[in-house]
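Below is one structure, written out as structure tokens; comments come after it.
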Amino acid sequence: MITKDLHMHTCYCDGARAPEEMVTAAIEKGLSTVGVSGHSYTFFDESYCMQKAEVPRYLAECRYLRTKYFDRIHVLCGVEQDYYSDYPTDEFDYVIGSVHYVKVDEKYIPVDESVAILQDAVEKYFNGDSYALCELYFATVADVVNKTDCDIIGHFDLISKFIEVGDDACDVPHTGDSANAIFDIHHPRYIAAWQKAVDTLLRYDVPFEINTGAISRGYRTSPYPSEDMIAYIMEHGGRFVLSSDAHSTDAIAYRFEDYEALTEPSP
């Protein structure tokens, strides 16, 4: 039975709704636990994350909602801590550790913003070698638990967000395979890079999320991680939790029923 969704965003960062709207929607969906997980502050990119001055209000609002709805749902106040964020996480109930950027020559390159940005990065910083970009990304992901001390590993293969779609970042389905011009997820170097990262992360015994956010927003037809990755993680003793990465109320617990059998209770 699906009871929890611990990855969702509100108007405190890049989400569309207020925390209370997300909580009441989770109640309507029959969840027993809901976790709001604002994007941690990143000093080099303030376009999508919680602002420092707003974090105390975010924490206070989540605590208020926990009290207000205590008899209907358990409300947790989390944070999606980016690998390169230095904002402290002590006051949050739990941490999702995620990598949204690769860092090259003091430049922070977002891996989930557009195909065009990835193409440009490959040419500028990797001498046209797209697999060098992928190798750097997965090497960074391999260190995410060590760096963030997270309770959940977020969208493990985020760099493959556009592998099925075009390069416009919007919430409608696209067609095309322009991302395949950058890299092939079946290439031996890509596979070796992610398997090495998985092998490192498994030592921490921290669950990976099965994240349906890219499906709900029309980017992918399968979750993060990919089916091959899920199989590899399972074969090597890894654990999973379900996460919607919802940015609106309609995406909460999106298609959890399709993947529920792969998971166990979240932390």
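Atom set for the values below is all heavy atoms of this structure, side chains included, hydrogens, waters and symmetry mates excluded.
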Distance alone, cut at 3.5 Å: any donor-acceptor contact between the side chains of [X] and [Y]?
X	Y	answer
E80	S98	yes
D250	S248	yes
H236	Q195	no
T42	D82	no
S160	R220	yes

Task: Charged N-O contact under 4.0 Å between D143 and K147 - done: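 Judged by the 4.0 Å cut-off on N to carboxylate O distance, D143 and K147 do not form a salt bridge.
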
Under 3.5 Å donor-acceptor, [X] side chain and [Y] backbone:
X	Y	answer
E20	L65	no
D245	H7	no
D105	K107	no

Hey, can you tell me if [X] and [Y] have their rings parallel, tilted or perpendicular (30° and 60° cut-offs)?
X	Y	result
F240	F208	tilted
F156	F138	tilted
F92	Y58	tilted
H100	H155	perpendicular

TODO: Count the heavy atoms of every other residue, nucleotide or ligand shown that sit under 6.0 Å from CG of D149, and state whether that count exceeds 12.
DONE: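 No.
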
TODO: Measure the spacing between OG1 of T148 and CD1 of I96 and express it to the nearest 0.5 Å.
DONE: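 Rounded to the nearest 0.5 Å, the OG1-CD1 separation comes out at 10.5 Å.
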
TODO: Provide the closest heavy-atom pair for I191 versus I185 in the form atom of the first, atom of the second, distance.
DONE: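 That closest heavy-atom pairing would be CG1-O, 3.8 Å.
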
